[in-house]
Amino acid sequence: MNLFSDIRGAVVQALSAMTQDGQLPEGLDMTAVSVEPPRDPAHGDMATNAAMVLAKPAKLQPRAIAEALAARLSADPRIALAEVAGPGFLNLRLSPSVWQGVIRAALTEGADFGRSTLGQGQKVNVEFVSANPTGPMHVGHTRGAVFGDALAALLDFAGYAVTREYYINDGGAQVDVLARSAYERYREANGLDPEIREGLYPGDYLIPVGEALKEKYGDTLLNQPESVWLNDVRDFATERMMAMIREDLALLNVRMDVYSSEKALYGTGKIEGAIETLRGMGMIYEGVLEPPKGKTPEDWEPREQTLFRSTAHGDDVDRPVKKSDGSWTYFAPDIAYHHDKVLRGFDMLIDVLGADHGGYVKRMKAAVAALSNGKVPLDIKLIQLVKLFKNGEPFKMSKRAGTFVTLRDVVEQAGADVTRFVMLTRKNDMALDFDFDKVLEQSKDNPVFYVQYAHARVRSVLRKAVEMGIAVGDADLASADLSGLTHPAELELARKIAEWPRLVEIAARNNEPHRVAFYLYELASDLHGLWNRGNEDTSLRFLQEDNPATSQSKIALARAAGVVISAGLGILGVTPAEEMR
RNA sequence: GGCCCCGUAGCUCAGGGGAUAGAGCGACCGCCUCCUAAGCGGUAGGUCGCAGGUUCGAAUCCUGCCGGGGUCGCCA
C-alpha cells in the first residue's frame, strides 16, 4: 500500500472527470502532477501541484482549476478537507481513518510493507567491490561493499530482479606481481631470505600463502626460472586472495551472487568478439591520439594504436584498447565483460566504483551504449573516500611494511551493524568521516544507536504488554479499534510511516540507499518524540493501565513503526536490536 | 590545462523545479521528591560559493567564474 500513489490516483481520476465534463481540455499530460508531503505540516497532509502544472497547457487560471479540483476531491471519503493555497497549491487534509488504514497495512503486510512494483521485475546487475585479488580489503573497499549491498537490497525491495556481482581483476599485470611476491614468501618458507623488491607486495598476509605453497610444492619450485612457476603460483595465490576477500565480505554480511573472472575471458574469444562487434559498427579503428590538452606528458610521442571511438557517445577522447606490446589494455576485457552482462539479458547495469575511477565513467558508458544499441542503461556510482578518525584525531595508517587499515580492522572494532549504518548515512559522492569512538557511543547523538534504540523500545513495549495480558500479535493489533489514535503526535508518527513506500521508490529511482538511513532517523525521532510526550502527558503512553483496548491501539501504532524500522534496517543490512544493553 | 565530484547555520550534513530552506552537534534559556531522563522543552543562528540565464516559481536546471578534491595514452 502506497498512500501517496493512491491519492495521486484520486487526483488524476478527478482531473479526468473534469476533462470529460469539459472543465479541462482533452489530451493534457498528467505526468508532472505530483502529490507530496508539504514542507510545512500546517499546510495539511498532502499537497498537489496539479493546478499550477496544468494551468498553462489548459489555458486556465491555476486557482480556477484548483477550486474545481477541490470540489471533486471533497467527495472522496478519504479527503477531509481540500483547500487552495498560495500560487495554486491544493492542500489536502486526510481523514483519521486513512491513517488507521496505514497502520493496519503496515501490520498486515509486515516486512513487505513498502515493497514496490516500480522495477516490474526488470533484471538489474549491480557490480560492486571488484577489489583486485592482491590483498585484503581496506576501508575504501568497505564503503563500496556496503553501498553496493544496500543498493542491491533496495532495488530488490523496489521490485527489481537483482544480481550482485564481483568482477575479479585476475588477468592483468598486478596478479603477476602478486605471484612474484608470493614466490618470495615461498622461498622464505623454505628457509631462504625473501627479496621483497620495490614494486612487490610486502604485506605479511602473503606469508601463509608462501607456507601453503611449500606444503603443496615442497622445494621443487626453488631455483627455477619464473617461466616454470609463474602460472601455477599466480593461480594459487589469486585463489587464496579471493578466499580471503570472501571471508572479509562475510564479516560484513555481504554475499555475492556471481563472481566473474577477467582471466576467464581470455582465450574464450569473448574479448575479440566484443571488439569485433564494435569494429563492425565502426567504433574501433587504428589511429593516433592527440596529446592530452593542456599539460603534455614529458614522454609523449604520437603512436598509432587500436582505439575505441568513445567520443561518439560523449567521451572526450577515443580510448586505446591495446597496449604497444599488442596485449589488451584493462579496458578491452572490461568491454567484453560488460558486453557479457548485456548478453545475459540485464535490463539495467550499475557499477559501483571508487571515486578515483571517475575518469573511466564516460568510456564505459560509451561502450555499453554501443554494445546494447543504447537499450541498456549503465549507471556508475562513484564512492568517495573514507577518512578514519579516533577520538577526533585523524587515524594514521602506516604505509610502511604494507600495513593499512583493513576491512577486518574496521569491523572488528566497530562491528558490522555500526560499520554498515554509518557508511550509509552519507551520500555516495560525499567524503565520509568515520570516527571509531563516535560510532560506538551509546547516546542519542549517535544515529546508529538512536535508530536501534527506537526499535528496541517498540520491542520493550510489546514485551510489557504481554505481561499485562494484552494480545499483541500483528493480527490482533491490525484488527484492534484504532479510532482513538487522533492526537497530533500520534498522527505525525502515522504520517511518517505512510511515507515509507514513497521513500523506497524515490531512493530506488535515484540509486541512493542513504535516503533510507536518513528516513529511519526521522522515523526514530518521531517515535522517540511520542515516547517522550508520555512523560508529560500520561495519556500518550503506549501502555495504559487498566485500559487494554486503548493500549492495544497505541501499541499497534508503535508496532507499525517498528515494522518499518525493521524493514528499513533490513535493506541497510543492519540487525534491528531487541533490546539495548 | 581538459574532464568528473563537492561548496547549504559556528561544525557535520540532508533537501536536487514548488509555499516562510531543514536535522544533529555546538551556543543560549528553562526542566528530574513521582509514575518512561544511557535525558526533555524552548530560543538564537543562512546572500544555499559568486554572477548571469531558463521558468508562473531556482538551493535545485543551463552557462561562465571562484575555492577544495579526484583524474588525465600502453595501472587496474
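Every chain is numbered from 1 and lettered A, B, ... according to where its sequence line falls, protein lines coming before strand lines.
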Of the nucleotides [options], which has the atom closest to the [X] side chain?
X: Asp429(A); options: C4(B), C40(B), C6(B); result: C6(B)
X: Arg303(A); options: A19(B), C74(B), A14(B); result: C74(B)
X: Pro38(A); options: C25(B), A76(B), A19(B); result: A19(B)
X: Arg426(A); options: G16(B), C13(B), G24(B); result: C13(B)
X: Trp300(A); options: G73(B), C75(B), A38(B); result: G73(B)
X: Lys427(A); options: C13(B), C75(B), A14(B); result: A14(B)
X: Phe89(A); options: C4(B), G18(B), G73(B); result: G18(B)
X: Arg515(A); options: G73(B), C6(B), G15(B); result: G15(B)

Does the side chain of Lys365(A) get closer than 4.0 angstrom to OP1 or OP2 of C3(B) through an N or O atom?
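Answer is no, no contact under 4.0 Å.
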
OP1 or OP2 of G15(B) less than 4.0 angstrom from a side-chain nitrogen or oxygen of His514(A), does that happen here?
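So the side chain of His514(A) is within the cut-off, an N or O lying under 4.0 Å from OP1 or OP2 of G15(B).
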
State, to 0.1 Å, how close Phe449(A) and Lys444(A) come at their nearest heavy-atom pair, and which atoms those are.
CD2-N, 4.2 Å

By the 4.0 Å heavy-atom rule, please label [X] as base, sugar-phosphate, or nothing.
X: Tyr360(A); value: base
X: Gln174(A); value: sugar-phosphate
X: Lys444(A); value: sugar-phosphate
X: Ala47(A); value: base
X: Asn428(A); value: nothing
X: Phe331(A); value: nothing
X: Glu301(A); value: base
X: Phe518(A); value: sugar-phosphate
X: Ala431(A); value: sugar-phosphate

I need the [atom1]-[atom2] distance between [X] and [N], as an integer number of Å.
X: Leu382(A); N: C6(B); atom1: CG; atom2: P; answer: 10 Å
X: Asp351(A); N: A76(B); atom1: CG; atom2: C1'; answer: 14 Å
X: Tyr450(A); N: G24(B); atom1: OH; atom2: C1'; answer: 9 Å

So how far is it from His528(A) NE2 to Leu523(A) CG, rounded to the nearest 0.5 Å?
9.5 Å

If I take atom CZ from residue Phe542(A) and atom CD1 from residue Ile555(A), how far apart are they, to the nearest 0.5 angstrom?
9.5 Å

Pairs counted only when both distances fall under 3.5 Å, Watson-Crick or G-U: show me the 5' to 3' dot-bracket for RNA chain B, [ ] for pseudoknotted crossings and | for other-strand partners.
(((((((..((((....[...)))).(((((.......))))).....(((((..]....))))))))))))....

Name the one of Val126(A), Asp351(A), Val361(A), Asn428(A) that satisfies side chain to side chain contact (heavy atoms under 4.5 Å, CB included) with Lys381(A)?
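Of the listed residues Val126(A), Asp351(A), Val361(A), Asn428(A), the side chain to side chain contact (heavy atoms under 4.5 Å, CB included) partner of Lys381(A) is Asn428(A).
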
Backbone N or O of Leu407(A) within a donor-acceptor pair of the Asp248(A) side chain at under 3.5 Å?
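A pair under 3.5 Å: no.
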
Parallel under 30°, tilted from 30 to 60°, perpendicular over 60°: which one fits the rings of Phe518(A) and His514(A)?
perpendicular

Donor-acceptor pair under 3.5 Å: do we get one between His357(A)'s side chain and the base of A76(B)?
yes

Tell whether Asp356(A) reaches the base of A76(B) with its side chain through a donor-acceptor pair below 3.5 angstrom.
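Absent.
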
B/S/- along nucleotides 56-69 of chain B (protein heavy atoms under 4.0 Å) is S--B----------

Based on the glycosidic angle (syn within 90° of 0, else anti), state the conformation of C32(B).
syn

